[in-house]
Amino acid sequence: MKNLIEKLVSDALAALPPGTAGGAPPPAPEVERSRDTAHGDFACSIAMRLAKSLRANPRALAQQIVQALPKNDLIEKTEIAGPGFINFFMTPAAWQAELLRVHAAGRTYGRGMSGAGRRAIVEFVSANPTGPLHVGHGRHAAYGASVANLLEADGWSVHREYYVNDAGRQMDILAASVWLRYLELCGETIRFPANGYRGEYIRQIAAELHGRQGDAFHKPANAVFAGLPLDEPDGGDKDQYIDALIARAKELLDAGFRTVFDAGLDEILADIRDDLEGFGVRFDRWFSERSLGDGGAIGRAIARLRAQGHVFEKDGALWLRATDFGDEKDRVVVRENGQTTYFASDIAYHLEKRERGFDLLQDILGADHHGYVARVRAGLMAMGEPGDSLDVRLIQFVSLFRAGDKVQMSTRSGEFVTLRDLRAEVGNDAARLFYVMRSNDQHLDFDLELAKSRSNDNPVYYIQYAHARIASVLKQAAERGLPFDRESGLASLALLADPQEREMMREITRWPEIIQQASEFRAPHTVVHYLRELAAAFHAYYNALPFIVDDGALRNARLALIVAARQVLGNALDILGVSAPESM
RNA sequence: GCCCCGGUAGCUCAGUGGAUAGAGCGGCCGCCUCCUAAGCGGCAGGUCGUCGGUUCGACUCCGGCCCGGGGCGCCA
């Protein structure tokens, strides 16, 4: 509907003679919903914008535009108001036509075309598989999944991906931690390193490994610890200590280290997969970091950098001249010891995404990764890829509140911190909605009591209740022998003239605009706000007028209206991964 | 020191340069003989952190400052 107005305004501008508003290509028509119904249904501020460059009187310009508007019988009238707004008043037929569209399109109502013909890869969560997901990852999962759904709803072809950090030091530490717990099961007495992973799940992994493999990886404790530097509690450095311990493990176990390593990786990754699956978050691919090296992507990335002449050698290392591409400092790609850096893997991964043919590389990262953005973009550009193909959204932190008190999130504390526990406590629906209720660059205070409460304070229930209430009305109607007759209802929409009914039509028909905007700004919280407003319009309507009336035409028209509302509520909830219950 | 995010009603937060800045919660006053009161209606509540600038017009854009959070490795 908004598109229609924008089209009409664009046509009007194109029709105007060059001296007035013609000539330079006009800016976007800037049509928006009027806030105040006294200002009509839609408002356009283009005349005021153009007035500046044209040195014309905005109201006079608005008058010219209005006169050049193509005739359209869905527009009742236009007005020029205030400093130069053009206000559009739609005919009842315009709203009715849009309702017909809702019924005809069903699940696809609201879908846009902004991304048509383009492919996006959304990478999110990508938590290191060193332990179960915690509540912070939950926000990444909910946000990333919703953004992916939004892009898809706006025409993009979307691929969802989890980058598995299955290489690197953190994973070596995990493997060493598992091995030490395993040695305990073999009867050895060990001192657990300060920097090791202490979680109970490590013991479980060790137990399974021991159950499967017996004492195959047993080494005596004195052979393991002999000659190692001091650990932190003894006045040493915990990083040096753990690195020495890892080196020793690799030396003693040889190929067996990989077996222990994979036991930890596989177990934890399976847990993460299962958790996300249970949360309604699915991925098309779990991309292995190791495969970058194996598949030659890192080599290709470095070759590209060399070919483009953007690298130099200094202190025995190979550097990317990232400062040529907007980064604040140059970055090492190959270390002095010949190993490639993590940064090399990052740009190789992003190059690989481009090689797979994605137009938009959509990354969802923690706010603590913000320094990474300029770096990776610089890398892409240095490899000859467009820097603006990368779009990164940063997620601020989550704080849990229970009964007004902040829940401390240390791994040591007995308080739960895992996503799985959160889901068990508040349910998937509340978790999914609460996680995306706030803008991603706003810190999130997650109120556990509120999320659990079965009251009108809780937006989850408020919204779902609207959906269930509509289903209940339809059920009631059928039970009274007056089932909804869609054909009759759609033929009688002209009977819907009450203020609440007009408000319902205005709200329902905003959905395509919400998708477009929420998708463009990667802002699923907009959908939550919209859902609340649509639900509010429905609850007000419900209280104001009866639906199941004797007059069949009126009854079916009203039912057609609330069925359209149910459709849009369902479509919007679906984007957020929240269920739309038939009864509550 | 440099970079990123935030500062809007008592609280939690919306607000693509446009008209009189909004919502939910909390507070106060009302509404079930009626399709689910998990609901609805009304009232009160604001120097949009602060000081300048750009503009016909600034919560929105630019600069300075103040406050809160995060980040700045040949770590991962």
Side-chain angles (χ1 to χ4, degrees), chain A residues 28 30 32 34-36 38-39 43 45 48-49 51-52 57-58 81-85 87 128 130 165 167-173 239 243 289 314-319 328-329 331-337 339-345 366-374 394-397 399 401 404 437-445 447 450 453-466 468-477 479-480 516-517 520-521 523 525-526 528-529 532-533 535-536 538-549 558-559 562 583-584:
Chain A
E30 303 287 349
E32 56 186 21
S34 301
R35 255 189 221 166
D36 189 337
H39 295 142
S45 60
M48 291 177 294
R49 284 166 210 289
K52 192 180 297 178
N57 177 308
F85 290 100
N87 292 332
N128 283 347
T130 53
N165 293 87
R169 181 162 172 268
Q170 289 307 316
M171 291 305 296
D172 281 341
I173 295 176
D239 286 308
D243 286 340
E289 177 187 355
K314 193 180 103 184
D315 304 334
L318 186 70
W319 296 66
E328 57 187 9
K329 54 181 80 164
R331 305 290 175 180
V332 173
V333 180
V334 183
R335 282 186 252 170
E336 194 179 3
N337 64 12
Q339 289 194 321
T340 56
T341 58
Y342 196 83
F343 170 62
S345 296
D368 53 338
H369 282 71
H370 99 87
Y372 161 111
V373 180
L394 302 174
I395 312 277
Q396 296 292 332
F397 297 150
S399 302
F401 283 81
M437 204 158 47
R438 304 287 176 236
S439 160
N440 59 290
D441 44 30
Q442 187 82 240
H443 289 248
L444 176 67
D445 289 339
D447 184 335
L450 180 60
S453 77
R454 303 192 163 250
S455 75
N456 46 358
D457 308 357
N458 189 337
V460 180
Y461 288 95
Y462 184 82
I463 294 163
Q464 289 184 322
Y465 183 41
R469 235 180 179 181
I470 294 169
S472 170
V473 170
L474 293 170
K475 198 170 143 214
Q476 276 284 330
E479 281 171 6
R480 293 193 204 170
Q516 197 279 321
Q517 185 186 323
E520 180 182 349
F521 296 115
H525 72 275
T526 316
V528 180
H529 287 272
R532 207 202 297 252
E533 284 155 16
F538 168 73
H539 287 309
Y541 184 31
Y542 181 97
N543 275 274
L545 296 168
F547 306 138
I548 306 173
V549 293
R558 285 181 173 167
L559 294 179
I562 65 171
S583 67
M584 289 172 70

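Computed from a prediction, not measured in an experiment: that's the story for all the values here. Side-chain atoms are counted along with the backbone in the values below, which use heavy atoms only and exclude waters and symmetry mates. Residue numbers begin at 1 in each chain, while the letters A, B, ... track the order of the sequences.
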TODO: Dot-bracket notation for RNA chain B is requested: 5' to 3', Watson-Crick or G-U wobble pairs only, both distances under 3.5 Å, with ( ), [ ], | and . as defined.
DONE: (((((((..((((....[...)))).(((((.......))))).....(((((..]....))))))))))))....
Could you tell me which residues satisfy salt bridge (charged side-chain N to carboxylate O under 4.0 Å, His left out) with [X], sequence neighbours excluded, listed by chain and number?
{"X": "A:Arg169", "answer": "A:Asp239, A:Asp243"}
{"X": "A:Asp172", "answer": "A:Lys250"}
{"X": "A:Glu533", "answer": "A:Arg510"}

Open item on the list: Looking at B:rC74, I'd like to know if its phosphate oxygens (OP1 or OP2) sit under 4.0 Å from a side-chain N or O belonging to A:Arg169.
Closed with: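 For A:Arg169, the contact criterion (side-chain N or O under 4.0 Å from OP1 or OP2 of B:rC74) is not met.
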Open item on the list: Looking at A:Arg469, I'd like to know whether one of its side-chain N or O atoms comes within less than 4.0 Å of OP1 or OP2 on B:rA37.
Closed with: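 The answer is yes; a side-chain N or O of A:Arg469 sits under 4.0 Å from OP1 or OP2.
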- [ ] Locate the shortest heavy-atom distance separating A:Ala43 from A:Asn87; write the atom from each residue and the value.
- [x]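 Reported closest heavy-atom pair: CB-OD1, 3.4 Å.
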- [ ] Return yes if some donor-acceptor pair links the side-chain N/O of A:Asn458 with the main-chain N/O of A:Leu450 below 3.5 Å, else return no.
- [x]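 Checking the backbone N and O of A:Leu450 against the side chain of A:Asn458, a donor-acceptor pair under 3.5 Å is found.
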Task: Chi class for B:rC43: syn within 90° of 0, otherwise anti - done: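 Here B:rC43 takes the anti form, which means its glycosidic angle is more than 90° from 0.
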Open item on the list: What's the closest nucleotide to the side chain of A:Arg335 if the choices are B:rA19, B:rA76, B:rA37?
Closed with: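 For the A:Arg335 side chain, the nearest candidate turns out to be B:rA76.
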Task: Donor-acceptor pair present, A:Asp239 side chain and B:rA76 base, under 3.5 Å - done: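 No, no donor-acceptor pair under 3.5 Å.
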Polar atom pairs between nucleotides 70-72 of chain B and protein, under 3.5 Å, N or O only, would you list them?
unit_1 : atom_1 : unit_2   : atom_2 : d
B:rG70 : N2     : A:His370 : NE2    : 2.9
B:rC72 : O2'    : A:Glu328 : OE2    : 3.4

N/O contacts under 3.5 Å, protein versus nucleotides 54-62 of chain B?
none

- [ ] Give A:Asn165 one of three labels, base, sugar-phosphate or nothing, depending on what nucleic acid heavy atoms sit under 4.0 Å from its own.
- [x]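 The answer is nothing, as A:Asn165 stays clear of every strand by at least 4.0 Å.
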